[in-house]
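Take a look at the structure below.
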2 protein chains.
Amino acid sequence: MAKQTITIYDVAREAGVSMATVSRVVNGNPNVKPDTRKKVNEVIERLDYHPNAVARGLASKKSTTIGVILPDITEMFFASLARGIDDIASMYKYNIILENSDEDVDKKVEVLENLLAKQVDGVIYMGNAIDDRLREAFKSARTPVVFAGSVDDKHSMPSVSIDNEAAVYESVRKLVENKNKKIAFISGPLSEPVNGKFRIEGYKRALADAKIDFNDNLVFETSNTYDDGIKLASQIASSDITAAFVANDSLAVGLLNGLQDLDVKVPEEFEIISSNNTSLAKMVRPQISSIGHPMYDTGAVAMRLLTKLMNKEEVEERNITLPYDMVFRQSTK
Amino acid sequence: MAKQTITIYDVAREAGVSMATVSRVVNGNPNVKPDTRKKVNEVIERLDYHPNAVARGLASKKSTTIGVILPDITEMFFASLARGIDDIASMYKYNIILENSDEDVDKKVEVLENLLAKQVDGVIYMGNAIDDRLREAFKSARTPVVFAGSVDDKHSMPSVSIDNEAAVYESVRKLVENKNKKIAFISGPLSEPVNGKFRIEGYKRALADAKIDFNDNLVFETSNTYDDGIKLASQIASSDITAAFVANDSLAVGLLNGLQDLDVKVPEEFEIISSNNTSLAKMVRPQISSIGHPMYDTGAVAMRLLTKLMNKEEVEERNITLPYDMVFRQSTK
DNA sequence: TTGAAAGCGCTAACAC
DNA sequence: GTGTTAGCGCTTTCAA
């Protein structure tokens, strides 16, 4: 029953016109007489013709597909960004090829090459670490790339993100105002610029403004997982630390639960402010105060920026900083 | 600086062989003399040649790309499945085009057509609702499709899922064993077969086995969101219901928190068993008992099945049922 | 407003 | 083992 693939040529023949004309009506080219257009459309309908995007891509050198590289789609933060990207992409008729990188350098490079082989028209990169090899690969690609949710610390790439330094500064200042003297900084790898450069700078600046000496022992470098948050709890509980900025909601929830299991009262005895404000933050008790990161918008704006880059439009600013807000809940006084 | 696209033809010329030979070495065809292969590989290296997957796709009629349709990537359940799919897909050198459907019928059909236009070699469909129009579209597509995480209730499509009827039966039996007489069934739309057919059948069967009459008033049809769980709480709290099966973790957490805000003690006064056992289940307090749905594996197995279908291999069973386990935590006695 | 024809970069017979 | 030669299905000059 399955009819053979029907091509533009079949339509042309049936309609008594040339393929060029069919191509024109399919692509909405105005230079077609209404009568002809009508006739062609009828044949297209009758034959149930569907243009082959691959052939189109080869001929036009445009795939209407973009690549999205992210660490892990099961992390809420990245999934939210991806959703924003996809919505805007669909709006502009682009499709998305998703690649999980697991923050592995080799895999990232491999994945990027794969994307380029598929002739993607652009790529959106999410992830915190970016090493020179990858940066090189991005640069030599003659395909626009935009960073979403993070910035290349060397600012060599277009990007969309929030001002993490300022957000952490504000968080820690709040903790200081609440009379905490020993405030921990807890994050994933400091090798990632977002942690080791931007966030910790905000932390240090807030401390300095409050005339509190920076103490290396209050910096905890871990992973972004719930389980590591739990593990950290006993260490924290047995110290004289009374508050913490935690760079990730899952990690913060782990710490919160671990602390509570140890009978530490939050926020009475320990205050927590985390980052990203994913749905998790309001699902736990006490609810967690968090930096409201506009995740969906970050993805959406990144995708919009990418469309401009792909069209070679003039963009006033290649590094876009989106506003965040502070969401104070029950984990702070 | 950006070198022009270099093609298989350039390599052939430089290496002093024909394109066919280059094509052979690129594709690992054994019929090439080692010397020739070496020479060609050197040129490929030197020229930094990368095959164009689009041209390849057009010539070979294979895109090495598969389409993935899911309701919303920000839902943990689907993100986990997607991760399983992607890992196996990469293993077999396939890429994934992601499409969010929002469970909207028109969008699904549109998205499917788009995927087919892109000549995907297969598609994995996730989602609970499937109407006739979509089923038709799937059938007329000469591209293999597999359902992941749900089954077409008419079993017309290959699928990978768990036995939801049995899982809910087991959950409700546990609730019955714990001496609950009034047990609610709370789920998303009953129009979705997974709820309105499989899960509720398990619920009814467990009730029947325990000689408890089925009562329509104990069935709550809502959405799968946290907020709706919260809203439902007061209604539940003011009834004489003492336990509930909840079809989704987020929804269950909403109910749990709502109940606790109303001073209902879980599990002492109210027991909850939910479904899927996403990471959320163990992050809230009390931790939620849940049906352990092998989400990652479901995606992985579905993708594996799809590779077989795409290769036209013989498959013994088109409808695969994966085992689940019951994870009892603190929301049940 | 329309058509002819030359590719886009590659695979896959088929011949040698 | 290797080369020749058609296409794959479409877009895009260039002429008419």
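Throughout, protein chains are lettered first and strands after them, A, B, ... in sequence-line order, and every chain is numbered starting at 1.
A salt bridge does not link A:D121 with A:K61: every distance from a Lys NZ or Arg NE/NH1/NH2 to an Asp or Glu carboxylate oxygen is 4.0 Å or more.
Across all strands, A:V54 comes closer than 4.0 Å to no nucleic acid atom at all (heavy-atom distances). As judged by a 4.0 angstrom heavy-atom cut-off over every strand, A:V17 is placed among residues touching the sugar-phosphate backbone only.
In this structure, A:M19 atom CE and D:dT13 atom P are separated by 15 Å, rounded to whole Å. Between the CD atom of A:Q119 and the P atom of D:dT11 there is a distance of 17 Å, rounded to whole Å. Rounding to whole angstrom units, CD1 of residue A:I8 and C1' of D:dG9 are separated by 8 Å. Rounding to whole angstrom units, CG of residue B:L47 and P of C:dG9 are separated by 14 Å. For the pair A:K62 NZ and D:dT11 C1', the interatomic distance rounds to 10 Å; values are reported in whole Å.
At least one side-chain nitrogen or oxygen of A:N27 sits closer than 4.0 Å to the OP1 or OP2 atom of D:dT11. Not one side-chain nitrogen or oxygen of B:T21 sits closer than 4.0 Å to the OP1 or OP2 atom of D:dT2.
Nearest to the side chain of B:T7, among D:dG3, C:dC10, D:dG9, sits C:dC10. Of the candidates C:dA12, D:dT12, D:dC10, C:dA12 carries the atom nearest the B:A20 side chain, counting heavy atoms from C-beta on. If you check C:dT1, C:dT11, D:dG3 against the side chain of A:K33, the one that comes closest is C:dT1. Comparing atom distances between the A:R56 side chain and each of D:dT11, C:dG9, D:dG1 picks out D:dT11 as nearest. For A:A55, the listed nucleotide lying nearest its side chain is D:dC10; candidates were D:dC10, D:dT11, C:dG9. Closest to the side chain of A:N31, out of C:dT2, D:dT12, D:dC10, is C:dT2.
A distance of 10.5 Å separates NZ in A:K62 from CE in A:M310, rounded to the nearest 0.5 Å.
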Open item on the list: Determine whether B:Y125 and B:D152 satisfy the following criterion, side chain to side chain donor-acceptor pair (under 3.5 Å), listing intermediate values before the conclusion.
Closed with: CA-CA 10 Å; B:Y125 176 82; B:D152 172 15; over 6 Å; no
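Heavy-atom contacts from other residues, nucleotides or ligands closer than 6.0 Å to CD of B:E45 number 12 or fewer.
For B:R24 and D:dG3, a side-chain-to-base donor-acceptor distance below 3.5 Å is present, hydrogens and geometry of angles not being considered.
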